[in-house]
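The structure under discussion appears below in the form of structure tokens.
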Amino acid sequence: MMRADRFIFLGMLAVLPACGHDDPTQPVVIPPPQEAKGAAISIDPSKNFQTIVGWEATAEAGEIECSNWGSYKSGVLDRIVNEVGINRLRLEIRSGSEGDKDWFALWQAGSISRDEWRAHRYAPVNDNSDPSVIAPGGFHFTNMDRVIEEVVNPVRQRLAARGEALYVNLNYVDFANTAFEHKTNPAEYAEFLLATFQHIRSSYGWTPDAIEIILEPDNTNWTGADIGRAIVATGDRLKAAGFSPDFIAPSTTNMTTSLAYVEQLIAVPRVREYITDIAYHRYSGVSLSSLQNIAQRAASLGLRTAMLEHIGSGYQDLHADLGVGRNSSWQQYVVAGCGGDGSQGGAHIAVTGSGANVEYVMGTRTRLLRQYFLFVRAGAVRIGATSAAATFEPLAFRNTDGGYVVVVKADGAGEFHVKGLPSGTYGVKYATASEWDIDAPDAILGDGYVLNASIPAAGVLTIYRR
């Protein structure tokens, strides 16, 4: 049993191993069918909804400002991939990376203070007056490079070892009003993003999978029309250079007003050639009707949906965003941080101590979020699932290997049975507020069998094909 007050590393967790027992040469003995117990949950694979793109975290783990980073780096990145299930990272590029000085490098060299760097990180200075020509020395990527080298590339390597690919979402961030602004110069914005793509490709041999146009435009005075013009200019510029990323917008802090931004941005001619995802945050304007409206509008436009930041969101929000909002991607916040006890909700893993005394504490919300992340992988398709009891709310998925996963949000203790699962061997794992990473005995099902399960308190129970 995992103690709720200490995260103990148990080694690499194998997600969705091949169906069967440890010895494949031995025949699988299928026990007699069990009598169905408790409420009925039914799976309907004929109904298909969204495809999962990835479980996102912001690529921040203390790599820049935590003095003990070197002593916990490997351990925390192992855990975020193999025990949390993150397979998508938000890589931020700050607007001040275009400028006449490398402020981050100056801070790292001790030439300026941390406060002076922070004062300039969102203050762009135009590289030259011609957006069609990238001036050498006009862009500085040392801050982003540190994040890539310390977090992004190591996560890529760990996922590759599992046979999976990391999805990188390049997110432009600008929390300042300055004399020169990318938001009013779409050609200059496009130049900045092209320079960033070219730098990443030449330095690391890969390019981002997506561009999130602007983080929280309702905090930065970007309009929906500004976003739309930036999408078209950047899409055209990158396409001409051989790049074709996804485009994500509007990423407002307010769930309800996100659709007003969407209507403004799609009114810009040719935006729909490029935009792929409607994104929102959950900091305000949160309601069931707004979530339904986002899902419906995205479906009418042929777009995916994503909730891409809310510090403190737990499994209840994730379940609603997947089921009602039909999200393909979802983020709470950052990978990890130094200090804290895991209860704040911003970091998936809190790290204390250093050297031989490093301790890793799984975030209290992450202990239940991982019931989804670990087992529903990129490319999974959500399929139909209904429950006869309101206490148990299911979501079902079919992974790319054909294996089914059923995640049940339980509002209280009780028993239920699942019907409609294909024959095979299934693992059963649950987490509640007081205990987590709890495994029930595996279930071996023949054709037409039901799988009985129970949970001792409110929480999440996951059934997954082995």
Side-chain angles (χ1 to χ4, degrees), residues 2 7-22 24 51-61 63 72-91 147-169 204-210 318 322 328-332 334-336 347-349 360 362-363 366-382 397-407 424-429 431 436-437 439 442 462-466:
M2 280 282 193
F7 179 31
I8 303 171
F9 183 48
L10 298 180
M12 183 172 288
L13 176 64
V15 178
L16 296 173
C19 180
H21 289 275
D22 292 338
T51 299
I52 299 301
V53 175
W55 309 118
E56 182 174 290
T58 295
E60 180 181 323
E63 71 284 351
Y72 73 76
K73 169 183 174 179
S74 181
V76 84
L77 297 181
D78 286 344
R79 286 162 170 76
I80 202 67
V81 170
N82 297 313
E83 304 220 10
V84 177
I86 295 300
N87 54 7
R88 170 172 163 146
L89 291 175
R90 179 169 97 192
L91 174 63
V147 177
I148 290 175
E149 291 164 11
E150 295 295 319
V151 179
V152 178
N153 278 350
V155 169
R156 286 176 64 86
Q157 293 160 3
R158 284 162 171 78
L159 281 165
R162 298 169 60 91
E164 300 182 55
L166 174 67
Y167 186 104
V168 177
N169 171 22
Y204 304 108
W206 53 267
T207 55
D209 299 278
L318 172 59
L322 290 171
S328 291
S329 304
W330 197 88
Q331 180 194 146
Q332 188 201 69
V334 301
V335 168
H348 285 295
I349 301 171
Y360 303 88
M362 183 80 77
T366 303
R367 296 168 191 172
L368 289 97
L369 294 174
R370 67 196 287 271
Q371 293 281 141
Y372 302 75
F373 296 171
L374 276 173
F375 303 102
V376 181
R377 306 305 292 166
V381 175
R382 186 167 74 86
F397 303 85
R398 183 176 54 246
N399 276 305
T400 57
D401 65 357
Y404 283 33
V405 177
V406 182
V407 186
T425 301
Y426 289 84
V428 180
K429 184 185 290 290
W436 59 287
D437 200 41
D439 291 301
D442 284 358
T462 306
I463 296 162
Y464 58 100
R465 194 194 73 173
R466 286 202 179 276

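What you see below is based on every heavy atom in this structure, not just the backbone, and it leaves out hydrogens, waters and symmetry mates.
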Worksheet item: Hey, does Val155 have a side-chain heavy atom less than 4.5 Å from the side chain of Ile86?
Response: no

Discussion item. Are Arg465 and Asp401 packed together at the side-chain level, in the sense that at least one heavy-atom pair is separated by less than 4.5 angstrom?
Written reply: yes

Worksheet item: For Trp55, which residues count as a side chain to side chain donor-acceptor pair (under 3.5 Å) partner, sequence neighbours excluded?
Response: none

Worksheet entry | Sequence-distant partners of Ser328, side chain to side chain donor-acceptor pair (under 3.5 Å), two or more places apart | none

Worksheet item: Taking the side chain as C-beta and beyond, is there a heavy-atom pair between Ile52 and Leu322 under 4.5 Å?
Response: yes

Worksheet item: Where the side chain of Arg370 meets the backbone of Gly85, is there a donor-acceptor pair that is under 3.5 Å apart?
Response: no

Response to the item:
Residues passing the side chain to side chain donor-acceptor pair (under 3.5 Å) test with Tyr372, sequence neighbours excluded, are His319

Practice prompt. Begin with the C-alpha distance, continue with both residues' side-chain angles, and end with the deciding distance and a verdict on side-chain contact (heavy atoms from CB on, under 4.5 Å) for Arg382 and Val376.
Written response: CA-CA 9 Å; Arg382 186 167 74 86; Val376 181; over 6 Å; no

Item to complete: Supply the atom-to-atom distance Thr366 OG1 to His348 NE2, rounded to the nearest 0.5 angstrom.
Response: 5.0 Å

Discussion item. Going by salt bridge (charged side-chain N to carboxylate O under 4.0 Å, His left out), name the residues that satisfy it together with Arg88, two or more places apart in sequence or in a different chain.
Written reply: Glu56

Worksheet item: In terms of side-chain geometry, is the basic nitrogen of Arg158 or Asp78 positioned less than 4.0 Å from the acidic oxygen of its partner?
Response: yes

Worksheet item: Are side-chain heavy atoms of Glu164 and Val81 found at a separation under 4.5 Å?
Response: no

Item to complete: Could I get the full list of salt bridge (charged side-chain N to carboxylate O under 4.0 Å, His left out) partners for Glu150, not counting sequence neighbours?
Response: Lys73

Practice prompt. Assess whether side-chain contact (heavy atoms from CB on, under 4.5 Å) is satisfied between Val76 and Ile80, documenting all intermediate values.
Written response: CA-CA 6 Å; Val76 84; Ile80 202 67; 5.9 Å; no

Worksheet item: At their closest point, which heavy atom of Gly75 faces which heavy atom of Tyr360, and how far apart are they?
Response: CA-OH, 3.5 Å

Discussion item. Whether the side chain of Thr425 engages the backbone of Arg466 through a donor-acceptor N/O pair (distance < 3.5 Å, no angle test) should be reported.
Written reply: no

Worksheet item: With no hydrogens and no angle check, is any side-chain donor or acceptor of Asp209 less than 3.5 Å from a backbone partner on Asn169?
Response: no

Discussion item. As a quick check of understanding, evaluate side-chain contact (heavy atoms from CB on, under 4.5 Å) for Tyr204 and Val152, giving each step before the final call.
Written reply: CA-CA 11 Å; Tyr204 304 108; Val152 178; over 6 Å; no

Discussion item. Any heavy-atom pair between the side chains of Asp437 and Lys429 that's under 4.5 Å?
Written reply: yes

Discussion item. Evaluate Val168 against Trp206 for side-chain contact (heavy atoms from CB on, under 4.5 Å), listing each step before the verdict.
Written reply: CA-CA 10 Å; Val168 177; Trp206 53 267; 4.0 Å; yes

Practice prompt. Taking side chain to side chain donor-acceptor pair (under 3.5 Å) as the test, write out the residues that go with Gln157, two or more places apart.
Written response: none

Worksheet item: If you look at every heavy atom in Ser329 and Val53, which pair is closest and at what distance?
Response: OG-CB, 3.3 Å

Worksheet item: For the atom pair CG (Leu368) and CG (Leu318), what is the distance rounded to the nearest 0.5 Å?
Response: 10.5 Å

Worksheet item: Hey, does Leu374 have a side-chain heavy atom less than 4.5 Å from the side chain of Tyr464?
Response: no

Worksheet entry | Check: Arg377 side chain, Asn399 main-chain N or O, donor-acceptor pair, under 3.5 Å | no

Worksheet, complete the sentence: Looking only at heavy atoms, the pair that brings Val151 and Ala61 closest together is CG2-CB, 4.4 Å

Worksheet item: Any side-chain heavy-atom pair from Leu159 and Tyr167 closer than 4.5 angstrom?
Response: no

Item to complete: Sort out for me which residue in Ile349, Val84, Val335 forms a side chain to side chain contact (heavy atoms under 4.5 Å, CB included) with Arg79.
Response: Ile349

Fill in: Leu89 and Arg156, any side-chain heavy atoms less than 4.5 Å apart
no

